Structures are given as structure tokens and as C-alpha cells.
Amino acid sequence: MIRRFLMLVVAGVALAPGRASAIDIVLDYTLDEQNWNWFSGTAAGLERRAALDAAAGFLSAILTDDDWDAVAIDSTAIGLYDLFQSSINGFDGLPVSGTAESDGAGYSYNLPISNRSTVGANEFVVYVTAFAFDNRSTAHAKASANGAARRNAAGAAGAEFSTWGGDVLFDLSDTWYAGQNPGIDPTDNYGVQDPDKTPASDITTDNWDFSTSSFTWKGYDLEKSDPAADGRLDLYATALHELVHTLGMTTANVPIYIGTNAQGELIGENVTAVYGGPVPASGGHVAQNVESVVWGSDGIVSEALLDPNSLRGVRKYLTELDAALLRDLGYTVATGFATPLPGDYNDDGLVDAADYTVWRDGGSPDDSVKGYNVWASNYGASAPASRASAEGSAVPEPGAIVLLGSLLALTALERRGR
């Protein structure tokens, strides 16, 4: 019976029509599939893809704008740099030679986009791939936002950032944690935080990492929930960080849409309201150790997602400050979820395949059988408008679910084999 239900779900997900409203972040893995196939093919690859899909689904769920027109991809190439490889495959699968960089350590590429020429209304396309970075690169991932297209009248007038998409590149030679355990909801499945938000030391009885050198909260301590995260960079948090960059949080866009003062601090209306004044910043990031309340949580404090650094074994989430950055860029952002939706294990306002992944990895609050039954009986349910207030908008359905439908099929076969 379970196997039959899963197969029906897969068919329904794969054939589901596109969402009619709200921004839908679509991840395109074409370039990755022509090269290292880091996000496909193997169980580890599918786990990595699920982590990125969860990040994209979360942002799709909270960005409630629905006035973006369909648009042509006006920039016909994406640029990659600091790659170790002197030759890679382009979108068409044919080899492309890189240009040696001036530091002598790596190669750069300008790859024509040949797999699509337009994006749909309210759709935002992000090309995702992974390569080994050269030995002088200090980044773990890179992102860029297309800066030419505008999707509505406000974008054309320069009042908000709206374009067709961007790209995200990960260093596959680094060590990554791609697990969904314990989930992506900091209030339901993530334990507790010390009620003292300015403690003298990091207590061992909570699940959040506090630095006694900077006296700031760094994020959720994954290692306490999953030893496999020890010494690894969190792929979900990194993807979330880089996707916000593709949505326009870049060095070039900050002075245009958010604004800075003579000290380089952010002075946008929303960020100053959340932070209580100008926000210390550096280019397309807030300054290191800037804290805020985790978006949708009950007062949990964390280093902002757009802080430039990340600790291994620690997961950062979107904070109220990060949400304010998106609002100053022109996005309409939901204000948070108040009432749990049964079966919505990643708390994105929809019961879908992503929640199955969380249940499968042990992230649901119930025992295995009950957790599955709760998910199955509520599949397709979404949060009412009152649950995520954004000028009265309901939380939309996350995109990029066809792949997760495939994951369901694979898992169904795996369980039958067992």
C-alpha cells in the first residue's frame, strides 16, 4: 500500500502544472550534468540536490511577489572563475578550454547558455554546478546575479531588483554536509537555545553554538544532532546564502537598492528598522558577527545568514535581518509561520516531497510510522493566508519538486528491496 501511494505521488508531482503566482526559484543542473554530475547519479549526489532543493523551496515559499513578467534571457552566457580545470564541458556537452588567470593558479570561462532562451512569469532560474576551485581560492562557493533584465514596472524604474536569475558554483573538493537531519525548522525540530542571549559561556545543554571569543551566536550546532556533520560545511546553509546573492544581494546592488552611509553601513528602511540603526556591512555581506533573530522562530538568535563566514558543523538560517535585506531589494517577504502544519516537516508552508525527505532522514517530530502517515494524509496541504502574513498573501508552493518526486520513487524501490 505504501509503495502504491508513493508511485501515485511521484506521478502527480511530475505532472503538476507550474505555479501561477509568487516567485518560483527553479534550479537548473544542466551544466553540472555535463561535467562532474555532483548533484545527480549517486545517492550522495541526490542528497546534495535535495539540500539545494530544500533551500530553493524555502525561499520560493516566503517570496510572495506575483507581478514578474516572462522574460528573455538577455545575458546569453554565465561566467565561472578560479577553476582548477583547464578544460570543462559547456551546456552542449562539448569541451571548452579555459582562459588562464593572471595569478597563474586557475582558469575562467564564459559559457553560452544554450538550453533555454526565456523564463516564465514569476520564475527565477538559477544554474547550479560544482567544480574543484584552484588552490588560491578562499571561497567555498560563489554566486552571481544577472543584472540586466527587469520583470515589472518597478524593476524598470529602478525601484526594485528583478531579473531572470543567476548562477551558483560549489567547490566539490571541499568537505560538505548534505544531510537534512534534524530538519530546517529551528523551533520544532532543532532543540532549544540558552534563554540567556548574552551568556558568559556556551552551555552544553542547548543546540546552538555560542562563540566565547566574539560573544555571538554562530548558528545551529549540527554536530550535536548528527556526528556526520563534524568538520563539514553545511550545504543547505551555504546554498541558502548563495541563493540570496543571486536574488540581488551583491556588492553592485547594495548602494543602489539598500543604500549605504559614509561608513559603508547599510541604511535601507527595512534593515535599519530590524537592526535598530545602520547595519555594519562589507560589500554584498553584513559584517562578521552581526546577529539577528532567526526568521519564523520564537526569539532564537543567530549570526546573520549573509555574514561572510561560516563554521564547519554549524548551520545558519535566514534571519529577520536577511529577510529585511530582501525587502529592501524590493521583494515581498512573508513574516513567518505561527501554527504548525501537520506533515510540513521543513516548515515551508506546504506538505510535499521535501517533507518526505525530512521524514526519511529522521527529522519528523513523530515516530517513523506515525510521521509517515501524518505526511501521507496531509500531502498537498498548504498553510492558510493567516499563517504567513505578507500583505495578506498565502505561502506559495515551492518549486523544483520534479526531482524530489524522483527521489520518492528511488526511496520506494529501496524500501521494497529491504
Side-chain angles (χ1 to χ4, degrees), residues 55 58-59 61-63 184-188 190-199 202 206-222 234 236-245 247-250 253-254 257-261 263-311 314-338 347-348 388-390:
F58 171 78
L59 289 171
I62 70 170
L63 300 178
I184 57 171
D185 174 11
T187 58
D188 286 351
Y190 280 66
V192 296
Q193 186 178 64
D194 190 338
D196 182 359
K197 303 309 177 186
T198 56
D202 186 18
D206 73 356
N207 302 95
W208 292 78
D209 183 64
F210 182 79
S211 170
T212 54
S213 58
S214 62
F215 289 97
T216 53
W217 293 95
K218 312 309 287 185
Y220 181 82
D221 193 346
L222 284 167
D234 184 43
Y236 170 81
T238 305
L240 202 59
H241 175 112
E242 300 301 338
L243 286 172
V244 174
H245 282 314
L247 289 164
M249 184 59 190
T250 66
N253 286 331
V254 163
Y257 297 99
I258 300 176
T260 58
N261 59 19
Q263 291 72 43
E265 298 170 314
L266 305 179
I267 56 173
E269 176 184 358
N270 290 284
V271 293
T272 53
V274 168
Y275 195 69
V279 182
S282 175
H285 297 91
V286 301
Q288 187 174 354
N289 301 324
V290 167
E291 298 175 295
S292 183
V293 173
V294 173
W295 183 94
S297 76
D298 187 18
I300 290 177
V301 178
S302 175
E303 191 175 63
L305 178 70
L306 264 292
D307 174 288
N309 299 315
S310 58
L311 296 177
V314 173
R315 175 171 293 178
K316 292 195 290 188
Y317 299 91
L318 190 85
T319 68
E320 293 291 352
L321 181 59
D322 300 301
L325 292 171
L326 289 168
R327 292 189 181 99
D328 280 332
L329 285 167
Y331 295 95
T332 305
V333 184
T335 57
F337 301 149
D347 202 29
D348 64 1
S389 100

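Quick caveat: nothing in here was measured; it's all calculated off a predicted structure.
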- prompt: Is there a side-chain contact between Leu325 and Val244 (heavy atoms, below 4.5 Å)?
  reply: no

query: Checking side chain to side chain contact (heavy atoms under 4.5 Å, CB included) for the pair Val333/Leu63: CA distance, chi angles, key distance, verdict?
result: CA-CA 5 Å; Val333 184; Leu63 300 178; 3.9 Å; yes

- prompt: After noting the C-alpha distance and the side-chain angles of Val290 and Leu321, does the key distance pass the side chain to side chain contact (heavy atoms under 4.5 Å, CB included) rule?
  reply: CA-CA 9 Å; Val290 167; Leu321 181 59; 3.5 Å; yes

message: Donor-acceptor pair, distance only, cut-off 3.5 Å: does the side chain of Asp322 make one with the backbone of Leu305?
response: yes

message: On a heavy-atom basis, which atom in Pro278 and which in Asn261 lie closest, and how many Å separate them?
response: CB-ND2, 3.9 Å

- request: Check the pair Val294, Trp208 against side chain to side chain contact (heavy atoms under 4.5 Å, CB included), reporting the backbone distance first and the verdict last.
  value: CA-CA 12 Å; Val294 173; Trp208 292 78; 4.1 Å; yes

query: In Å and rounded to the nearest 0.5 Å, what is the OG to CZ distance from Ser302 to Arg315?
result: 12.0 Å

query: Which pair of heavy atoms, one from Leu240 and one from Ala55, lies closest together, and at what distance?
result: CD1-O, 3.7 Å

message: Just verifying a value: how many Å separate Trp217 CH2 and Glu303 CD, rounded to the nearest 0.5 Å?
response: 13.0 Å

- prompt: At their closest point, which heavy atom of Ala304 faces which heavy atom of Val286, and how far apart are they?
  reply: CB-CG2, 3.9 Å

message: Nearest 0.5 Å, please: how far is CD in Glu320 from OG1 in Thr335?
response: 8.0 Å

query: So, the side chain of Thr250 versus the backbone of Asn253: is there a donor-acceptor pair under 3.5 Å, distance only?
result: yes

- request: Please report the shortest heavy-atom distance between Thr212 and Phe215, naming the atom on each side.
  value: O-CE1, 3.2 Å

query: Going by heavy atoms in the side chains, are Val314 and Asp234 under 4.5 Å from each other?
result: no

field: Beyond-backbone contact of Tyr220 with Asn207, side-chain heavy atoms, under 4.5 angstrom
entry: yes

task: Kindly indicate whether the side chain of Asp328, heavy atoms from C-beta on, has any atom under 4.5 Å from the side chain of Leu266.
output: no

- prompt: Does the side chain of Ile62 reach to within under 4.5 Å of the side chain of Trp295, using non-hydrogen atoms?
  reply: yes

- line: One should read off an interatomic distance between Met249 CE and Glu242 CD, to the nearest 0.5 angstrom, of 12.5 Å

query: Can you tell if the side chain of Asp209 reaches within under 4.5 Å of the side chain of Asp202, non-hydrogen atoms only?
result: yes

task: Test side chain to side chain contact (heavy atoms under 4.5 Å, CB included) on Leu306 and His245 and set out the steps.
output: CA-CA 9 Å; Leu306 264 292; His245 282 314; 3.4 Å; yes

query: Hey, what do you get for OG (Ser310) to NE2 (His241), rounding to the nearest 0.5 Å?
result: 8.0 Å

task: Return yes when atom CD of Glu269 has more than 12 non-hydrogen atoms of other residues, nucleotides or ligands closer than 6.0 Å, and no otherwise.
output: no

- prompt: What distance do Ile258 atom CD1 and Thr260 atom OG1 have between them, rounded to the nearest 0.5 Å?
  reply: 9.5 Å

- request: Could you pull out the closest heavy-atom pair between Lys316 and Gly219, with the gap in Å?
  value: CG-CA, 4.5 Å

- prompt: If we only count heavy atoms from C-beta on, is the Leu59 to Tyr331 side-chain gap below 4.5 Å?
  reply: no

query: Does a side-chain heavy-atom distance below 4.5 Å link Ile300 with Val293?
result: no

field: Nearest non-hydrogen partners of Gly299 and Lys197, listed with the distance
entry: O-CE, 3.7 Å

